[in-house]
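What follows is a single structure, written as structure tokens, with notes after it.
On a predicted model such as this, the values are computed, not experimentally measured, just so you know.
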Amino acid sequence: MLREPIRRRGAALLAALLTTTLVAVASPAEASRPLTARNLPAGGRVLFYLGQDSTTLADLKTDVLDTDRRFPRPAGVTLYTNLVGSPMSGMFQPTDYGAGENDFPATINEFGGGLAVGLYLSDPAQTPLKAYAGSADATTVARYRKWLDEFLTYLDRTGRDVFLRIGYEFDGAWNAYDPELYKQAYRYIAQRIDQLGARRIATVWQSATWPRAEQEPYAATAAGHWDRWYPGDEYVDWTGLSHFYGEQYGRYQWSCETPENIAAMPLQVQQSLLDFARKHRKPVFISESAPQGFDIGDKTAGCIFADPTTGGPRPAVKVTAQQIWDIWYAPYFRFIERNRDIVRGFAYINTNWKSQSMWHCRPGACANGYWGDSRIQADPLIAARFRAEVGKPMYEHGPSRARGFEAPDFSGPGRSEGEYADLPQGGATGIAIADPTASNDGAALVYANGASLEFDHVAAGRTLGLRYATTTDAVLLTVLVNGVARHTVALPNRGAATNWADVRLPVTIPCDARVTLRLDSGDVVWIDYLTPGQHRRAG
């Protein structure tokens, strides 16, 4: 959802755009063809999802769902991960890159229903796309495809309906995907889902539906834009879009933009994608949506683009909760109802954006624009109106309780790999990283005194083997077995993160034990694996 700063246009063109009305009309032949897709709700209902990070979702559960039993439970939740850099971030250890913590096991255990997953595939060299397209070197292809199989297997083992947003906002210039590589990678991932028998994973082809004037191939209003990016009917289950700007976008959200830089009214781009989905008979999931630029708690509204003179937010104006509802929420729900023939799911982002460093817009630090606070619980009127809307019979809701879930472990025989262990303190204390020098191409990086790495289901043994590396002196690691400290070891500085060493520790391990490594001194330590390995495989 990264947005680039943009400039203003003339008032006359802006007024013309604001008065433009679009009505999407499908041909009789198109309208008569049924929608076909995995995870399509029955009876013409619309899926109600919430997101988009574990912190946000836990807060909503505490503030709203646990206090108001009549509030409709979401049919599912949204989380994010990646297959680049530190692959599968948040799926084993909690991870926070400044946009809220992603902790898949915690959220899956907290919420019933389905799971929408934003899969990030962007890097400057297009490495993930090339690997899945088969155009990278053989070693890179093998590494990335192994990660993909683990990723898809993990999602399948959740036992949930999954909506996989492959390279979400594919046509956003901020992602810089190459259209041909993107389509090839998307097709490979979709085919691999079928080959692995993961029948509950639906693919989502999500556009940014970004109305700004951009260069090709990211200009959403260019002729043939959708065809240029479309992988094909046989690979796409759902079409997706982003919806942050409504009918009155020029009143506040885009008020500081010059009309020459607005390629089309936001609804025009969205309706164009809906028409494309109608022709291909693909249901639409509004995969990302929130009233960007509105602060529900403070009752303010502002332009979403940073002020180039200060590098920070532009002045916001006071608004009432009723105005926020009338300007954004009411048109948003009308948009869903008006296009109910094709829109069959929406995910609302219930986030205090300004509390997250990636989205916090302040003087000198506003690279991603102004977002505000879209938490419905920040105002009682908004919360009550939202509850009434999503409580309508047209929306699909979820269970009040979740089934238990334990993240699978893909360690090889006789080992417990660090990249599949848990960081119980959260994402500020470590991360699993891709490392071709480590076994299984991965390791866990643990930092901050007191941080722990936790392994479940370790097999019985009279000693404990540890493969590690560190670049700092005075590293002390305490080994806990089933929560009880059993041994503390001083680990010599290895001089490099890739200079691995094996140590054997005098710690007796009972069968099916929980082994925790706690960093008591020193800055960082890389953990490749423990031996003995798992007693059994989780999941």
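The shortest side-chain heavy-atom distance between Val343 and Ile286 falls under the 4.5 Å cut-off. Annotation: side chain of Val84 is not in contact with side chain of Thr127 (no heavy-atom distance under 4.5 Å). Taking 4.5 Å as the limit, every side-chain heavy atom of Val284 sits out of range of all side-chain heavy atoms of Trp238. Using a 4.5 Å cut-off on side-chain heavy atoms (C-beta onward), Ser242 and Glu169 make contact. Side-chain contact between Tyr395 and Ile336 is present, with heavy atoms from C-beta onward closer than 4.5 Å. For the pair Pro105/Pro94, no side-chain contact is recorded, criterion being any heavy-atom separation below 4.5 Å from C-beta on.
Taking the six-membered ring for Trp, Phe405 and Tyr154 have ring centres closer than 6.0 Å. Aromatic pair Tyr49/Phe285: ring centres closer than 6.0 Å. In this structure, Phe244 has its ring center closer than 6.0 angstrom to the ring center of Trp371.
Ion pairing between a basic and an acidic side chain is recognised when a charged N comes within 4.0 Å of a carboxylate O; Lys282 and Asp237 show no such pairing. Looking at Arg514 and Asp456, no side-chain N of the basic residue comes within less than 4.0 Å of a carboxylate O on the acidic one, giving no salt bridge.
The only member of Gln322, Arg385, Lys299 that meets side chain to side chain donor-acceptor pair (under 3.5 Å) when paired with Asp379 is Lys299. Just one of Val525, Asp523, Val524 meets the side-chain contact (heavy atoms from CB on, under 4.5 Å) condition when paired with Tyr447; it is Val524. The one candidate from Ile296, Ile382, Thr320 that meets the side-chain contact (heavy atoms from CB on, under 4.5 Å) condition with Trp325 is Ile382. Between Phe104 and the choices Thr158, Thr95, Leu79, the side-chain contact (heavy atoms from CB on, under 4.5 Å) rule is met once, by Leu79.
Residues Val317 and Tyr252 share a closest heavy-atom pair of CG2-CE2, 3.5 Å. The two atoms that bring Gly167 and Tyr182 nearest to each other are O-CE1, 3.8 Å, heavy atoms only.
Legend: salt bridge (charged side-chain N to carboxylate O under 4.0 Å, His left out) pairs involving residues 44-54, not counting sequence neighbours, sorted by first then second residue: Arg45-Glu396. Applying the salt bridge (charged side-chain N to carboxylate O under 4.0 Å, His left out) rule to pairs touching residues 343-356 yields Asp295-Lys354, Asp298-Lys354, sequence neighbours excluded.
Taking OG from Ser89 and CG from Asn102, the interatomic distance works out to 9.0 Å, rounded to the nearest 0.5 Å. Rounded to the nearest 0.5 angstrom, Ser411 OG and Phe455 CZ are separated by 8.0 Å.
Using a 30° and 60° split on the angle between ring planes, Tyr348 and Phe386 fall in the tilted class, from 30° to 60°. Classification of the Phe305-Trp254 ring pair by plane angle, with boundaries at 30° and 60°, yields perpendicular. Note on ring orientation: taking the six-membered ring where Trp is involved, the planes of Tyr120 and Tyr168 are tilted (angle from 30° to 60°). The aromatic rings of Tyr329 and Phe333 lie parallel to each other, their planes meeting at an angle below 30°, with 60° marking the opposite boundary.
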Taking it one step at a time, do Phe410 and Phe92 satisfy side-chain contact (heavy atoms from CB on, under 4.5 Å)? CA-CA 11 Å; Phe410 301 101; Phe92 299 97; 3.9 Å; yes
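Side-chain contact annotation: Thr351 with Ser374, donor-acceptor N/O pair under 3.5 Å absent.
Checked by atom type and distance alone, the side chain of Arg160 never pairs as donor or acceptor with a backbone atom of Ile201 at under 3.5 Å. Looking at Asp441, its side chain never comes within 3.5 Å of a backbone N or O of Ala434 through a donor-acceptor pair.
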